[in-house]
Amino acid sequence: MMQNDTSVSRPPAVGSRAAQAAARRTERQRKSAEDEIDRLLEVTLGLIEKSAPAMPSVSDIVAAAGISNHTLYRSFPSKDDLVLAVLEKGVARVVEVIDARMSGLADPKEQISAWTRGVLRQVSNVEAAKTSRTVLGHLSQSGSVAPNGSQHELLRPISDLLTAPLEALGGDTVRDGACISDLVLGAMRRYLWDSTAPSDEDIDWISEFVLGGLRVESVKAGSGKRTRQ
C-alpha cells in the first residue's frame, strides 16, 4: 500500500497574501509620505513667494503646513535641505515646460532656439525672479550652494535637454552643450542678480548668437565627407 509523500510541502497561500498585504501597506505609506512632502514643498514655496526677499522661518513653515518641527525634520535634516528640495522641484517644472516646447518642434535648431528662449523667459517674470533670488541668495549665504548663482549641478537637468538636438545635428554634445549652457544660463543669472529682465530683442539676439555659433557637421554633396560649419 502506497503512502502519501508529505516530505515536500508547499508554502501556505496565506504567506503569499501576507507578503502582498505588507507590500500594499508599504506602498500606501510611501505614497502618503510623498504626498506629505509635496504638500510641504508647495507650502514652503508659497511662503517664500509671499515673504520675498525675506525667507520664512521654520516656525512659519510648520505652522502653515500644520505639522510639527519633528515631522519636518523627519523628512528634511535642515531648513537648507528643505529649501534645496524646493529649488529642485522648481528646476523640474522648468524642465517640463521647456521640454514640452522642444518636443513640439521637428527641427533640432528650432529646438535649441526654444531651449534658449525658454531659459531666458524664466527671468522675465518679475515675481518669479524675485522668488528665485530669495532662494538662491539664502542658499549661497548658508554655504549650501556656490555663490553668485553658479549652481551647475542643480541646473544640469535643464542643460541636459540640449543633448538630443545636438546629437541630431551631429554636434559635440559635451563641448557645444557646455558652451551654450554657459552662455545662456550665465545670461539668465546675470539678469537675475541684476534684478533686470531681458527684452524680446535681447532674447532674439542671444538665440541667434547661439545658433550662429553652432559647429555642426554637414555632408558635402557627392563627397560623402562630413565637414564642420
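Excluded from the calculations below are hydrogen atoms, water molecules and symmetry mates; all remaining heavy atoms, backbone and side chain alike, are included.
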Q | Positive for side chain to side chain contact (heavy atoms under 4.5 Å, CB included) with Val86, one of Leu41, Val91, Thr131 | A | Leu41

Is there side-chain contact between [X] and [Y], with at least one heavy-atom pair below 4.5 Å?
X: Ile203; Y: Ser124; result: yes
X: Val97; Y: Arg101; result: yes
X: Trp115; Y: Ser181; result: yes
X: Arg189; Y: Leu136; result: no
X: Leu166; Y: Ile180; result: yes

Which atom pair, heavy atoms only, marks the closest approach of [X] to [Y]?
X: Val62; Y: Ser68; value: CG1-O, 4.0 Å
X: Ser78; Y: Tyr73; value: CA-CE2, 4.1 Å
X: Met102; Y: Leu161; value: CE-O, 3.3 Å
X: Pro157; Y: Glu153; value: CD-O, 3.8 Å
X: Ser132; Y: Leu192; value: CB-CD1, 4.0 Å
X: Leu162; Y: Gly177; value: CD1-O, 4.0 Å

(Q) Around atom CD of Gln29, are there more than 12 heavy atoms from other residues, nucleotides or ligands closer than 6.0 Å? (A) yes

Ignoring hydrogens and geometry, is there a side-chain-to-backbone donor-acceptor pair from [X] to [Y] under 3.5 Å?
X: Asp38; Y: Asp35; value: no
X: Arg39; Y: Ala65; value: yes
X: Thr26; Y: Ala22; value: yes

Hydrophobic cluster identity match, [X] and [Y], side-chain contacts under 4.5 Å:
X: Leu185; Y: Trp205; answer: yes
X: Val126; Y: Val123; answer: no
X: Phe209; Y: Met188; answer: yes

(Q) Apply salt bridge (Lys or Arg N to Asp or Glu O under 4.0 Å) to residues Arg30 and Glu34 and explain how you reach the verdict. (A) CA-CA 6 Å; Arg30 184 189 64 80; Glu34 288 179 350; 2.3 Å; yes

Q. How would you list all residue pairs meeting salt bridge (charged side-chain N to carboxylate O under 4.0 Å, His left out) that involve residues 62-81, not counting sequence neighbours?
A. Glu36-Arg74

Nearest-0.5 Å distance, [atom1] of residue [X] to [atom2] of residue [Y]:
X: Arg190; Y: Thr196; atom1: CZ; atom2: OG1; result: 7.0 Å
X: Ser159; Y: Asp182; atom1: OG; atom2: CG; result: 8.0 Å
X: Ile61; Y: Ile67; atom1: CD1; atom2: CD1; result: 8.5 Å
X: Lys109; Y: Leu169; atom1: NZ; atom2: CG; result: 6.5 Å
X: Ile37; Y: Lys89; atom1: CD1; atom2: NZ; result: 10.5 Å
X: Glu167; Y: Asp176; atom1: CD; atom2: CG; result: 11.5 Å

Less than 3.5 Å apart, any donor N or O on the side chain of [X] or [Y] sitting next to an acceptor on the other?
X: Ser113; Y: Thr116; value: no
X: Ser207; Y: Asp204; value: no
X: Ser57; Y: Asp60; value: yes

Q: Might you work through the side-chain contact (heavy atoms from CB on, under 4.5 Å) test for Arg175 and Cys179, ending with a clear yes or no?
A: CA-CA 6 Å; Arg175 292 180 177 177; Cys179 284; 5.5 Å; no

Q. Under the salt bridge (Lys or Arg N to Asp or Glu O under 4.0 Å) criterion, do Arg133 and Asp194 qualify, and how do the steps go?
A. CA-CA 10 Å; Arg133 277 194 303 275; Asp194 288 348; over 6 Å; no

Please list, one pair per line, the donor and acceptor atoms closer than 3.5 Å that link side chains of residues 43-52 to other protein atoms, with sequence neighbours excluded.
from	atom 1	to	atom 2	distance (Å)
Thr44	OG1	Leu40	O	2.8
Ser51	OG	Leu47	O	2.9
Ser51	OG	Ala54	O	2.9

